[in-house]
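Report on the structure given below.
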Amino acid sequence: MSHKSELIFRYFDQTRNLYGNQLFLEAQIASDPVQNLDSLESFNASICNCLKCELGHTRSNFVFGVGNPNADIVFVGEAPGEKEDLIGEPFVGRAGKLLDKILAAINLSREDIYICNVIKCRPPKNRDPLPREVELCEPYLKTQLSLIKPKLIVALGRIAACTILRTKEPLKNLRNKTFKYEGIDLVVTYHPAALLRNPNFKIPAWEDFQMIRDKYLIQD
Ligand code: SF4
């Protein structure tokens with residue numbers, strides 16, 4: 001059996017086990033939405049009813065992303081959490097407020113940046129996204145980046161970074177390095193929720209944001 005066939009069979013099994021036969025069958029007939037690439041807004045409108053994977057059947061809201069459509073910096077998390085799913089916006093709640101404070105410390109606000117997730121619909125109980133869900137949803141992130149054309153992507157947290165970079169390295173091995181994603185510089189730092197859980201991460205996270213400020217925001 002080819003690698004592709006194996007992936008398809010594995011997906012069918014995962015979907016059946018997780019959602020039962022009815023949703024499994026619905027997922028099979030859901031097709032790729034016709035995408036309007038004229039602007040970020042029209043792209044959002046064209047894909048917001050996406051049902052390409054099973055997460056479309058369990059979400060409360062599709063969470064596209066918010067911020068400046070011409071931002072130089074795009075922050076990317078893993079997937080919407082409970083509050084994001086309810087409100088339809090990424091990084092709300094305590095973690096979002098902490099991110100706002102960190103941004104303010106390097107003279108940025110949400111109006112200056114763009115923020116989104118790799119996966120646009122909440123995985124049930126905040127489980128990690130399945131490979132199949134990443135495979136189907138990541139092209140939306142790539143299109144968002146092609147429309148925004150940022151100078152820098154900041155991956156927030158290990159899961160976002162490992163998903164984007166196709167690695168299993170621990171976060172500490174991914175910090176202080178510059179990667180490329182879709183031809184754009186990408187750096188990795190802690191997810192703000194991790195800083196709330198473990199205040200010891202605040203100092204290294206602050207170092208990361210200072211590096212971002214010095215390398216990408218301070219012009220000669
Ligand atoms: S997670 Fe992505 S691919 Fe799956 S239904 Fe939502 S938007 Fe579509």
Side-chain angles (χ1 to χ4, degrees), residues 4 6-67 69 74-93 95-96 114-148 150 153 155-166 181-182 186 191 193:
K4 195 169 178 186
E6 270 180 38
L7 280 176
I8 291 169
F9 278 112
R10 202 184 318 150
Y11 163 67
F12 285 170
D13 275 348
Q14 285 172 341
T15 313
R16 255 204 196 100
N17 290 339
L18 281 167
Y19 299 100
N21 276 333
Q22 189 185 341
L23 285 180
F24 166 74
L25 289 171
E26 284 174 11
Q28 304 323 298
I29 54 173
S31 56
D32 214 337
V34 177
Q35 298 176 21
N36 182 329
L37 306 183
D38 288 348
S39 68
L40 215 47
E41 211 177 4
S42 54
F43 180 52
N44 180 6
S46 68
I47 65 166
C48 65
N49 295 314
C50 175
L51 292 172
K52 276 199 302 178
C53 80
E54 54 284 358
L55 299 183
H57 295 273
T58 54
R59 70 179 172 226
S60 303
N61 282 294
F62 171 87
V63 184
F64 181 71
V66 291
V74 172
F75 289 82
V76 182
E78 161 197 350
E82 188 179 10
K83 279 218 169 70
E84 287 80 12
D85 176 59
L86 288 176
I87 294 171
E89 263 194 39
F91 287 84
V92 289
Y114 195 86
I115 186 155
C116 59
N117 290 299
V118 183
I119 302 284
K120 309 303 184 202
C121 307
R122 182 193 181 205
K125 297 183 183 162
N126 293 349
R127 65 159 168 74
D128 292 348
L130 300 174
R132 160 80 180 174
E133 292 157 1
V134 174
E135 186 189 323
L136 286 171
C137 211
E138 191 181 15
Y140 293 154
L141 171 65
K142 291 183 179 179
T143 302
Q144 283 175 300
L145 293 169
S146 73
L147 290 166
I148 299 168
I153 300 161
L156 292 170
R158 193 185 72 82
I159 303 289
C162 290
T163 303
I164 290 173
L165 296 172
R166 305 288 191 271
Y181 180 72
E182 297 294 288
L186 180 147
H191 193 288

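Read the numbers this way: they start at 1 and go in the same order the structure lists the ligands and their atoms. Not measured: the values here are computed from a predicted model.
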Fill in the blank from the handout: Hits for ring-ring contact (aromatic ring centres under 6.0 Å, His included) against Phe91, two or more places apart or cross-chain, chain-then-number order -> His191
Exercise for the section: Ignoring hydrogens and angles, tell me if any N or O in the side chain of Lys83 forms a donor-acceptor pair with the backbone of Gly93 under 3.5 Å. Expected result: no
Fill in the blank from the handout: Taken in chain and number order and not counting sequence neighbours, the residues that satisfy salt bridge (Lys or Arg N to Asp or Glu O under 4.0 Å) with Glu82 are none
Exercise for the section: For Asn36 and Ser46, run side chain to side chain donor-acceptor pair (under 3.5 Å): C-alpha distance rounded to whole Å, both residues' side-chain angles, the deciding distance at 0.1 Å, then the answer. Expected result: CA-CA 6 Å; Asn36 182 329; Ser46 68; over 6 Å; no
Problem - Residue among Val134, Ile159, Ile119 satisfying side-chain contact (heavy atoms from CB on, under 4.5 Å) with Asp128 - result: Ile159
Problem - ring-ring contact (aromatic ring centres under 6.0 Å, His included) partners of Phe62, counting only residues at least two apart - result: none
Completion exercise
Given a cut-off of 2.8 Å, the protein N, O or S atoms lying below it from atom 6 (Fe) of ligand 1 are Cys121 SG
